[in-house]
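Here the structure comes first, spelled out in structure tokens, and everything after it is commentary.
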Protein chains: 2
Amino acid sequence: MTTEAPAGGPRRTSGATKAAILDAARERFAADGYERATIRAIARDAGIDPSMVMRYYGNKEGLFAAASEIDLRIPRPETLPAVGMGAALVEHFLDRWENDDVLTALLRVGVTNAAGAERVRAVFTGQMVPVVAGICPDPEDAPRRAALVSSQILGMAIARYVLRFPPAVTMSREDIVDWLGPTVQRYLTAERP
Amino acid sequence: MTTEAPAGGPRRTSGATKAAILDAARERFAADGYERATIRAIARDAGIDPSMVMRYYGNKEGLFAAASEIDLRIPRPETLPAVGMGAALVEHFLDRWENDDVLTALLRVGVTNAAGAERVRAVFTGQMVPVVAGICPDPEDAPRRAALVSSQILGMAIARYVLRFPPAVTMSREDIVDWLGPTVQRYLTAERP
DNA sequence: CTGGCATGTCAACAACTGTTGGCCTACAGT
DNA sequence: ACTGTAGGCCAACAGTTGTTGACATGCCAG
């Protein structure tokens, strides 16, 4: 997709090319993982020469860092239905996962690559923990609760979108929400068992 | 580890070498994932020439197939405490994950490699589903329940052993069992929500 | 003693990778 | 018209990878 060039730029504005590279990179990283997503393939998808990738992002690691910037967009606790927060969160993440390649890309790379794992941890600490801290009754326990919630959500994402267990793929959104919702709700708010 | 050679073999029995290769391969696949685990490194670990790997396993895919043969050793339902099956299962998998590199290897490769994913699905279908079918009240729903159970167990394994979320690593075995046990129990036996 | 087979090494191939530097070319400002 | 510069391409490098075939060597059977 070459975006429209507002009259008067050079052949293409550098920003447009950088964006095209990022798009292609996200798709490739999501589909192939870090090692098999080659710079050459990404450049081909973006319709430019591999050396341009280096010009704009320095090296492959830099490209991945840029391509894996991610915002989970977890809704603020106040906007969630008090009683069905678990279900609402599950629903949110199903949406997120189905509409954004970056989540799968980050997960794939996080599992294979040490730097990728560090990045996933940063997202977890920076975005998941704070939200859980705003929900759970004992904020000092938020990290543990966040880890539990994440384990269930990550697990379902892997089963459904990465490993593609047939029953997990076939299951309807509603079924998943109905089954996982209570689990997440319990991890968020239940007394320590 | 060169195993003892019963008097009268050639320099080394082929079985011993094959086993040494498998050990090294499991370790490397677990540590590095499929792409970065090179045949050369595996051969070096096993103390032999890379070409021997090809001789015995044909190619890298064949080596991985052999190295990722896995038995989850899920206990038969009859031997489980009727009331705490969920907790017992969680405990079993924690043990399994901590004592066998192959699980991590299979998971890592399953997430990056299409053939690896197929293999994980086979293990799931062949070993998880039957056990769940022997436990849950409605056997025709076993695949779905098995997927749910797997999602939670896989998710915790990834958070704790692969991504190493600090809270998931710090958590004690007992805490994990206490939190996940009821979840798994519900996935196994609860009425459909 | 001699042959044959199993176990193993060595060196090389062809493909592919990330990365680099030099060159081209169209546009904007003068 | 001229030139500087930003956007882009080309060709090549150096390293690594999976994989292959030719060759060495120890052991047992005859």
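These values consider heavy atoms only, across backbone and side chains, with no hydrogens, waters or symmetry-generated copies. In what follows, every chain begins at residue 1, and chains take the letters A, B, ... in the order their sequences are listed.
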Show me the side-chain donor-acceptor pairs of residues 71-90 of chain B shorter than 3.5 Å, one per line, residues at least two apart or across chains.
unit_1	atom_1	unit_2	atom_2	d
Asp71(B)	OD1	Arg73(B)	N	2.9
Arg76(B)	NE	Glu78(B)	OE1	3.0
Arg76(B)	NH2	Glu78(B)	OE1	3.3
Thr79(B)	OG1	Arg76(B)	O	2.8

_Interface with DNA chain C, restricted to residues 32-49 of chain B and to heavy atoms under 4.0 Å_ = Arg40(B), Ile48(B), Asp49(B)
*Taking only heavy atoms on the protein side, list every residue of residues 52-64 of chain B lying under 4.0 Å from any atom of DNA chain C, sorted numerically.*
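When residues 52-64 of chain B is checked for heavy atoms under 4.0 Å from DNA chain C, the hits, listed by number, are Met52(B), Arg55(B), Tyr56(B).
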*Among all residues two or more places apart in sequence or in another chain, which pass the salt bridge (charged side-chain N to carboxylate O under 4.0 Å, His left out) test with Asp101(B)?*
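Listed in chain order: nothing, the list is empty.
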*Check salt bridge (charged side-chain N to carboxylate O under 4.0 Å, His left out) between Arg108(B) and all other residues, then give those that pass, not counting sequence neighbours.*
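Expected list: none.
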*Under 4.0 Å between a side-chain N/O of Ser14(A) and OP1 or OP2 of dG7(D), yes or no?*
yes
*Identify the heavy atoms of Phe124(B) and Pro143(B) that sit nearest to each other, and give their distance.*
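Minimum heavy-atom contact is CZ-O, 4.0 Å.
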*asked:* Between Glu69(B) and Arg26(B), does any side-chain N to carboxylate O distance fall below 4.0 Å?
replied: no
*Establish, from distance only, whether the side-chain atoms of Glu35(B) and Thr112(A) form a donor-acceptor pair under 3.5 Å.*
no
*Glu27(B), CD atom: more than 12 neighbouring heavy atoms under 6.0 Å*: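 No, CD of Glu27(B) has 12 or fewer neighbouring heavy atoms, counting only those of other groups under 6.0 Å.
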_Please list all pairs meeting ring pair (Phe, Tyr, Trp, His ring centres under 6.0 Å) that have one or both residues in residues 27-52 of chain B, counting only residues at least two apart or in different chains._
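Output for this query lists Phe29(B)-Tyr34(B), Phe29(B)-Phe64(B), Tyr34(B)-Phe64(B).
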_Per Thr17(A) side chain, nearest of listed nucleotides dT19(C), dG8(D), dT7(C)_ = dG8(D)
